[in-house]
Amino acid sequence: LGPAGAGKTHLCVRELAAACDAEPLGPPLLFLLPQQATFIHEQRLATACRGGGFCRAEINSFTRLAYRAYREAGMQPLPLLTEAGKLMLMRGCARRHDASLRIFAALSHRAGFAADMVAAAEELQIYGISPDRLEEVAAELADMPDTAHFAARLQEIALLYRAYSEAAADRYSGYAVRMEFLAQRIEAGLLADTQVYIDGYSEFTPMERRVLAAMMQHCPRLTICLSLDPVQAERTVREEDVFYPGWHTYAQLRDDARHIGATLEEPVLLKRGRGRFARQPELALLECALAGQSFCPSEEQPEMIREWQARDRRAELSAVGREIRRLVREEGLRYREISVLLRDTQPYLHLLPAVFGAMEIPYFIDSKKPLLYHPLIELVRAVLEIWAYQPHYRHIMRLLKNVLSPIAGSEADILDNYCLAHGVRFYHWQQEIWSFPPVDGEDDALLAQVEEIRRRGAEPLFACINHLGEAASAK
């Protein structure tokens with residue numbers, strides 16, 4: 001147990017490296033981490049070992065450990081449903097039970113309903129709540145006059161949850177199913193002689209705690225690292241406290257261990273003033289203040305921590321970009337050694353390409369990009385809208401301004417200005433040649449250029465539209 005930067009991960013890596021150096025081919029060791037942290041910790045452990053590598057240790061996540069359990073059992077796990085597959089499955093369930101829905105009858109055909117139901121079903125699965133249990137709770141609430149409406153809604157959620165689970169049961173698996181299988185394999189001896197270390201988690205789902213309970217019973221030793229101030233370990237921590245997730249998880253794991261009769265060792269308490277904050281007193285003071293602990297303010301002006309005030313997000317990113325360029329140019333840092341941490345990346349996504357792109361700062365954003373705004377999808381949508389509906393001028397210009405269109409962006413701007421000046425409508429695009437009276441500033445060269453740009457942009461469009469009209473299927 002220890003606060004951020006106290007050295008919990010370093011202690012695990014040091015113990016694992018010492019065991020690998022002392023007995024390279026000894027009993028297996030397992031280091032469980034979140035999926036995104038496994039590679040870097042493999043590197044850390046290999047660097048910490050005397051020979052620059054290791055044999056007996058394995059670094060995995062819960063998901064990869066479940067794959068190993070299936071593989072060693074000679075089984076192939078059922079495939080995971082894609083996000084699109086989950087939505088299709090839930091929409092099918094809603095259609096089949098449409099006559100049984102009363103509260104959700106008007107909502108079941110709307111966009112977003114299937115996604116909300118999938119999220120609810122997956123959360124219920126992860127937390128081990130079955131459709132039967134949900135129906136029992138709905139029946140209990142139905143007997144209370146103040147909760148009758150909520151009970152009816154819960155009953156319909158249980159109906160769709162059951163249909164979704166049954167439809168996926170024989171063909172697909174989920175995270176909860178794999179965790180249950182992993183727990184059963186551990187109980188059967190999968191990790192019988194394996195010492196397990198777990199780090200990087202602030203909380204565990206009930207199905208993950210089921211796996212941990214099996215490890216407590218059948219592994220010789222289990223070490224779990226939690227971010228929790230040792231001073232608060234034996235106290236009751238309020239929910240708004242920064243260490244509440246760690247304290248709550250610690251209390252749950254202790255209860256689980258006592259319930260199954262596992263032997264609890266005294267926790268290793270790592271206090272402040274060590275680890276990665278040992279040589280960074282300013283960060284140590286900041287962490288201490290954020291955690292609500294008493295501290296002595298520094299009399300010196302901080303050098304490593306700076307506070308900027310910006311008028312908007314663009315100005316904020318510009319200031320960060322200038323500092324990044326200064327660090328690279330004057331301090332000798334590399335771009336890959338600099339991180340920009342945000343509470344919420346979404347408001348900055350559309351600004352980063354413009355701001356960092358103008359400063360020529362290479363960057364990677366750890367977030368998914370919506371496929372809807374990909375240039376290829378935009379191109380296909382624009383063509384289909386022009387073909388299927390009464391098209392408008394803006395639909396054609398949206399197509400021609402796409403980066404995948406046959407004309408350049410500057411040419412699209414010239415064409416756009418000409419169309420606005422002459423009030424061009426869709427039927428004008430189907431004419432052989434445009435013969436609008438020239439306005440001020442237009443000469444024969446400009447008209448020839450516009451006509452050539454229009455031909456290059458419109459000919460492929462109308463050839464595609466004509467082909468779509470003759471096609472017998474979407475292929």
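The first residue of the sequence shown is numbered 1, and numbering continues consecutively from there.
No donor-acceptor pair under 3.5 Å is formed between the side chain of R153 and the backbone N or O of H149. Of the possible polar contacts, one joining the T147 side chain to the L141 backbone as a donor-acceptor pair under 3.5 Å is found. Formation of a donor-acceptor pair under 3.5 Å by the H97 side chain with backbone atoms of C93 is found in this model. Of the possible polar contacts, none joining the T194 side chain to the L30 backbone as a donor-acceptor pair under 3.5 Å is found. R56 places a side-chain N or O within donor-acceptor distance of the main-chain N or O of A19, the cut-off being under 3.5 Å. A distance-only check finds a donor-acceptor pair linking the side chain of K8 to the backbone of P3 [under 3.5 Å]. Side-chain atoms of S173 come within 3.5 Å of backbone N or O of L78 as a donor-acceptor pair. Checking side-chain atoms of E156 against main-chain N and O of F104 turns up a donor-acceptor pair under 3.5 Å.
Using a cutoff of 4.0 Å between basic side-chain nitrogens and carboxylate oxygens, R325 and E360 are not scored as salt-bridged. Contact check on R209 versus D256 returns a salt bridge, with a Lys/Arg side-chain nitrogen under 4.0 Å from an Asp/Glu carboxylate oxygen.
Q346 and D344 share no side-chain donor-acceptor pair at under 3.5 Å. Of the N and O atoms on the side chains of Q76 and Y70, not one donor lies less than 3.5 Å from an acceptor on the other residue. In the model, Y175 has a side-chain atom that pairs as donor or acceptor with a side-chain atom of E208 under 3.5 Å.
Screening residues 82-94 for side-chain hydrogen bond (donor to acceptor under 3.5 Å, both in side chains), with sequence neighbours left out, gives E83-K86, K86-E122.
Using a 4.5 Å heavy-atom threshold, the side chains of R95 and M90 count as separate. Residues P27 and Q195 form no side-chain contact, since every pair of their non-hydrogen atoms from C-beta on lies 4.5 Å or further apart. Taking 4.5 Å as the limit, every side-chain heavy atom of P24 sits out of range of all side-chain heavy atoms of C55. At least one side-chain heavy atom of M215 sits under 4.5 Å from a side-chain heavy atom of I186. Looking at V13 and F31, their side chains come closer than 4.5 Å, going by heavy atoms from C-beta outward. The closest side-chain heavy-atom distance from L352 to L317 is below 4.5 Å. Inter-residue side-chain proximity for T223 and V196 is flagged as unmet; no heavy-atom pair is nearer than 4.5 Å. In this structure the side chain of L399 never reaches within 4.5 angstrom of the side chain of S405, judged on heavy atoms.
Heavy-atom minimum distance, E135 versus R162: OE1-NH2, 3.2 Å. Across all their heavy atoms, S130 and Y161 have their closest contact at C-CE2, 3.8 Å. Nearest heavy-atom pair, N402 versus L379, reported as atom, atom and distance to 0.1 Å: ND2-N, 3.4 Å. Scanning both residues, F54 and C49, for their nearest heavy atoms gives CB-SG, 3.9 Å. Summarising the geometry of G2 relative to P230, their closest heavy-atom pair is CA-CD, 4.2 Å, with the distance given to 0.1 Å. The shortest non-hydrogen separation linking P206 to Y127 is CD-CD2, 3.1 Å.
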Under the side chain to side chain contact (heavy atoms under 4.5 Å, CB included) rule, what do L32 and F62 come out as? Steps first, then yes or no, please.
CA-CA 7 Å; L32 270 184; F62 278 103; 4.0 Å; yes

With salt bridge (Lys or Arg N to Asp or Glu O under 4.0 Å) as the test, would you mind laying out the steps for R185 and E180 before giving the verdict?
CA-CA 9 Å; R185 295 304 302 164; E180 177 61 31; over 6 Å; no

For the pair V328 and I338, evaluate side chain to side chain contact (heavy atoms under 4.5 Å, CB included) and give the outcome as yes or no after the intermediate values.
CA-CA 9 Å; V328 172; I338 302 172; 4.1 Å; yes

Check against side chain to side chain contact (heavy atoms under 4.5 Å, CB included), L11 and T9:
CA-CA 5 Å; L11 182 61; T9 304; over 6 Å; no

Residue pair R314, V355: steps toward the side chain to side chain contact (heavy atoms under 4.5 Å, CB included) verdict:
CA-CA 7 Å; R314 180 179 287 274; V355 177; 3.9 Å; yes

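Few gaps surround CE on M359; more than 12 heavy atoms of other groups in view lie less than 6.0 Å from it. Atom CD of E123 sits in a sparse spot, with 12 or fewer heavy atoms from other residues, nucleotides or ligands closer than 6.0 Å. Open room surrounds CZ on F39; 12 or fewer heavy atoms of other groups in view lie less than 6.0 Å from it. Heavy atoms of other residues, nucleotides or ligands lying less than 6.0 angstrom from CG of L333 number more than 12. Within 6.0 Å of CD in E337 there are more than 12 heavy atoms belonging to other residues, nucleotides or ligands. At most 12 heavy atoms of other shown residues, nucleotides or ligands fall within 6.0 angstrom of atom CZ in R334.
Atom CG of L190 sits about 8.5 Å away from atom SG of C219, to the nearest 0.5 Å. The CZ atom of R326 sits 11.5 Å away from the CD1 atom of I324 when rounded to the nearest 0.5 Å. Taking CG of L191 as the reference point, atom CG of L65 lies at 6.0 Å (rounded to 0.5 Å). To the nearest 0.5 angstrom, F356 atom CZ is 10.5 Å from L351 atom CG. Atom CG in L33 sits 8.5 Å away from atom SG in C12 (nearest 0.5 Å). We find the CZ-OG1 distance between R68 and T63 to be 14.5 Å, quoted to the nearest 0.5 Å.
Taking the centre and axis of the six-membered ring of Y67, the NZ or CZ atom of R64 falls inside the cone set by 45° and 6.0 Å. Remark: R313 qualifies as a cation-pi partner of Y348 under the 6.0 Å distance and 45° angle criteria applied to the six-membered ring. Note that R254 lies in the cation-pi zone of Y250, set by a 6.0 Å cut-off to the ring centre and a 45° limit from the axis.
Ring geometry, Y244 versus H248: the interplanar angle falls under 30°, so the pair is classed parallel (tilted spans 30 to 60°).
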